[in-house]
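Inspection log for the structure reproduced underneath, given as structure tokens.
The sequence lines fix the lettering, A, B, ..., with proteins before strands; numbering per chain opens at 1. The structure presented is a predicted model; accordingly, all values stated were derived computationally and were not measured.
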Amino acid sequence: MLDPKLLRNDLAGVAAQLARRGFVLDTSAFAAIEERRKAAQVHADRLRAERNANAKAVGFAKAKGQETSGLLAAGEALGAELTAAEATLQGLLTESLALQLGLPNILHSSVPDGRDETANVEVRRIGTPRQFLFEPKDHVAIGGPLGMDFEGAGRISGARFVVLSGALARVHRALVQFMLDMHIRDHGYRETYVPYLVHANALLGTGQLPKFEQDLFAVRGDPGFYLIPTAEVPLTNLVRDQILAADDLPKKMVAHSPCFRSEAGAAGKDTRGMIRQHQFDKVELVHIVRPEESYAALEQMTGHAEAVLNALELPYRVIALCAGDVGFAGAKTYDLEVWLPSQGKYREISSCSNCESFQSRRLQARWRNPATGKPELVHTLNGSGVAVGRALVAILENGQQADGSVRLPSALAPYMAGMTELR
RNA sequence: GGAGAGGUGGCCGAGUGGUCGAAGGCGCGCCCCUGCUAAGGGCGUAUGGGUCAAAAGCCCAUCGAGGGUUCGAAUCCCUCCCUCUCCGCCA
């Protein structure tokens, strides 16, 4: 959510900022609601003050044994008037909030202009794609004989699911352990285990709701849970309604979790293989930081995700997303794209975003700034470190050999009982 | 799932219809005093919102959440959430 004060004081400026994303803010509609809200709030506050004063007068009068019927009648009238005024105000507040919840974050000035992914900017390219002496196969063809089973998954759950078995399942698990260990040992993260079912409120806090409900899986039943689309949701919500001490920052958390996505808007996209699934595993990084440190933290976090790809010997590039491609809650985003030989191109495997105070404002996640002594909003960042399924895909495709076997990166050996290849 | 107890400020804790945003304590900050230290004394110390160009001031809200009763609710009633204890069941 954007700062309501900013919205009130510089509506045109906000509209101009959001226009970079291609988002059209209806300023006149917003200004109109705001004007009515202001009047309604002043009116309701005034009535309430009158009612309170009147009620106090009743107390005094009774204490002195005086006649109170006149005051009681006045109180009753004020009460009725106030009830109506509050209903009006509530309606306007609801309307205004709904509008505000639909607004995406304001982009950082360093975000390049552009409408869609074609305008994204490559920041750096690491590693060299391997030259194959044979026609490289895709991960589905390589994985099949090794225990990657889409048919079995289809019988159980339908399209966009996979069953892994044998050594392949073990590599999948090894990747998780390897990534977690690296982040807690080398990068200073606190390992965290989180719920996979969350309340709507948690999703509102991180920005998936109310706008993107169609991307989520909802669980039937009384408490009305949603399956998490990423561990960013529970991790970031950990600081909801907290006032953190300055010493508590930065907070760096890492969690492994399955992620569940309906992929409602992706019909027909990446239907083959493990690239786009309803369920996939991910190791997620979250930083909770002081505002002045958030952009340094974004570089740091991106570096942590890169370290995983480096250790796995995967060629990749770092992309700065352009204005039109940055997600709803992000102020700036770097994507990491890994080389996939079968497609002859780089594909997203990690996304690292600084959300500034967009999420913390919804979460009321604050810290006490020693400089002011006041609670102020923290900045939140999240990034994949990295997507496990796609890492597995990349390892299979980049490590494949002519005979159908797959050479494993040595970093995984400790987690594979010394196994160096899959065959 | 059954029975019971409870949720008040950074923390502890008092408060069963009126001057209670809330006693007292702890903690924290500033000051005073004591040649250091310990002890002592004074003052201050919630959050959000509105009004305002801004500050001050003023106003409103908040005692787990949401409704209700009432001129007036931390206090009474209802619903829900959470915590704890015992029992049952289970991993």
Side-chain angles (χ1 to χ4, degrees), chain A residues 1-13 30-31 33-101 193-205 219 221-226 234 237-249 251 357 359-378:
Chain A
M1 201 155 74
L2 302 178
D3 184 353
K5 285 202 179 89
L6 185 65
L7 227 36
R8 278 197 284 271
N9 297 334
D10 186 19
L11 187 56
F30 188 84
I33 289 184
E34 171 57 16
E35 197 174 320
R36 287 200 291 150
R37 189 225 97 234
K38 191 183 285 191
Q41 185 151 348
V42 169
H43 182 57
D45 276 2
R46 205 198 69 228
L47 283 173
R48 208 177 289 110
E50 281 178 37
R51 184 207 61 182
N52 290 348
N54 185 264
K56 204 166 266 190
V58 173
F60 277 122
K62 280 204 170 160
K64 292 184 189 152
Q66 295 169 345
E67 167 65 32
T68 57
S69 62
L71 290 170
L72 292 184
E76 204 157 346
L78 279 168
E81 216 180 325
L82 179 60
T83 302
E86 281 179 332
T88 305
L89 175 61
Q90 197 49 52
L92 288 166
L93 285 175
T94 304
E95 203 176 330
S96 172
L97 181 66
L99 222 149
Q100 290 183 52
L101 287 175
Y193 172 81
V194 293
Y196 305 150
L197 297 175
V198 296
H199 288 139
N201 233 354
L203 291 151
L204 194 86
V219 177
D222 195 16
F225 290 119
Y226 289 88
N237 270 274
L238 275 172
V239 293
R240 162 186 293 276
D241 292 328
Q242 303 280 306
I243 300 175
L244 301 165
D247 296 347
D248 293 338
L249 301 179
K251 257 177 128 61
S357 57
Q359 294 179 322
S360 58
R361 184 168 293 109
R362 293 179 175 213
L363 295 166
Q364 282 303 299
R366 295 170 294 173
W367 69 301
R368 199 170 289 276
N369 184 347
T372 62
K374 293 288 176 193
E376 297 172 11
L377 296 172
V378 296

message: Taking A5(B) as the reference, what is the distance to C89(B) when you measure between their P atoms (whole Å, please)?
response: 24 Å
message: Work out how far the P atom of C90(B) is from that of U75(B), and round it to whole angstrom.
response: 42 Å
- prompt: Whole-Å distance between G67(B) P and Glu86(A) CD?
  reply: 10 Å
- request: Say whether, by atom type as modelled, one donor and one acceptor occur between the side chain of Arg362(A) and the main chain of Leu204(A) under 3.5 angstrom.
  value: yes
- prompt: How many Å lie between CG on Leu82(A) and C1' on G72(B), as a whole number?
  reply: 12 Å
- prompt: Any chance the side chains of Glu376(A) and Asn369(A) put a donor and an acceptor closer than 3.5 Å?
  reply: yes
field: Whole-Å P distance, A39(B) and A55(B)
entry: 41 Å
query: Do NZ/NE/NH1/NH2 and the carboxylate oxygens of Glu35(A) and Lys38(A) come within less than 4.0 Å?
result: no
Rounded P spacing from A54(B) to G49(B) in Å: 14 Å
query: If you measure from the C1' atom in U83(B) to the same atom in A73(B), how many Å do you get, rounded?
result: 25 Å
message: I'd like the C1' distance from G21(B) over to G15(B), given in whole Å.
response: 13 Å
field: Sugar-phosphate, base or nothing in reach of Leu72(A), heavy atoms under 4.0 Å
entry: base
Short side-chain N/O contact to A61(B) OP1/OP2 from Arg51(A), under 4.0 Å: yes
query: For Pro4(A), which contact category applies under a 4.0 Å heavy-atom criterion: base, sugar-phosphate, or nothing?
result: nothing
- line: For Val378(A) and Ser360(A) the tightest heavy-atom approach is O-OG, 2.6 Å
field: Between A65(B) (P) and Asn201(A) (CG): distance, integer Å
entry: 14 Å
- prompt: Taking NE2 from His199(A) and P from C80(B), how many angstroms apart are they, rounded to a whole number?
  reply: 15 Å
message: Check the phosphate of U51(B) against Arg46(A), side-chain N and O only, distance under 4.0 Å to OP1 or OP2. Yes or no?
response: no
- prompt: Does Asn52(A) put a side-chain nitrogen or oxygen below 4.0 Å from OP1 or OP2 of C60(B)?
  reply: yes
message: Any donor-acceptor pair under 3.5 Å linking the side-chain atoms of Gln90(A) with those of Thr88(A)?
response: no
message: What's the gap between A91(B) and U16(B) when it is taken at their C1' atoms, as a whole Å value?
response: 45 Å
message: Between the side chains of Glu81(A) and Arg51(A), is the shortest nitrogen-to-carboxylate-oxygen separation below 4.0 Å, so that they form an ion pair?
response: no
task: May I have the step-by-step check of side chain to side chain contact (heavy atoms under 4.5 Å, CB included) for Leu97(A) and Leu93(A), ending in yes or no?
output: CA-CA 6 Å; Leu97(A) 181 66; Leu93(A) 285 175; over 6 Å; no
field: Leu7(A) side, atom CG; Ser96(A) side, atom OG - distance, nearest 0.5 Å
entry: 7.5 Å
message: From C-beta outward on Arg48(A), which listed nucleotide comes closest to its side chain: U51(B), A61(B), C59(B)?
response: A61(B)
- request: Determine the Euclidean distance between corresponding P atoms of A74(B) and G68(B); express it in Å to zero decimal places.
  value: 15 Å
task: Indicate, with a heavy-atom threshold strictly under 4.0 Å, whether Gly59(A) touches base, sugar-phosphate, or nothing.
output: base
message: Check the phosphate of C71(B) against Lys56(A), side-chain N and O only, distance under 4.0 Å to OP1 or OP2. Yes or no?
response: no
message: Please classify the nucleic acid contact of Lys38(A) as base, sugar-phosphate, or nothing, using heavy-atom distances under 4.0 Å.
response: sugar-phosphate
query: How long is the line joining CD of Gln41(A) and P of C52(B), in whole Å?
result: 12 Å
message: Donor-acceptor check, side chain of Glu76(A) to backbone of Leu78(A), threshold 3.5 angstrom: yes or no?
response: no
query: To the nearest angstrom, how far is Asp247(A) atom CG from G10(B) atom P?
result: 18 Å
statement: Listed range with range, the stems formed with RNA chain B by at least 3 consecutive Watson-Crick or G-U pairs (under 3.5 Å) are B:1-7 with B:81-87, B:10-12 with B:24-26, B:27-32 with B:40-45, B:46-51 with B:57-62, B:64-68 with B:76-80
d(CG, Leu78(A); P, C71(B)) in whole Å: 12 Å
field: Length of the line joining Leu89(A):CG and A61(B):P, which is rounded to integer Å
entry: 12 Å
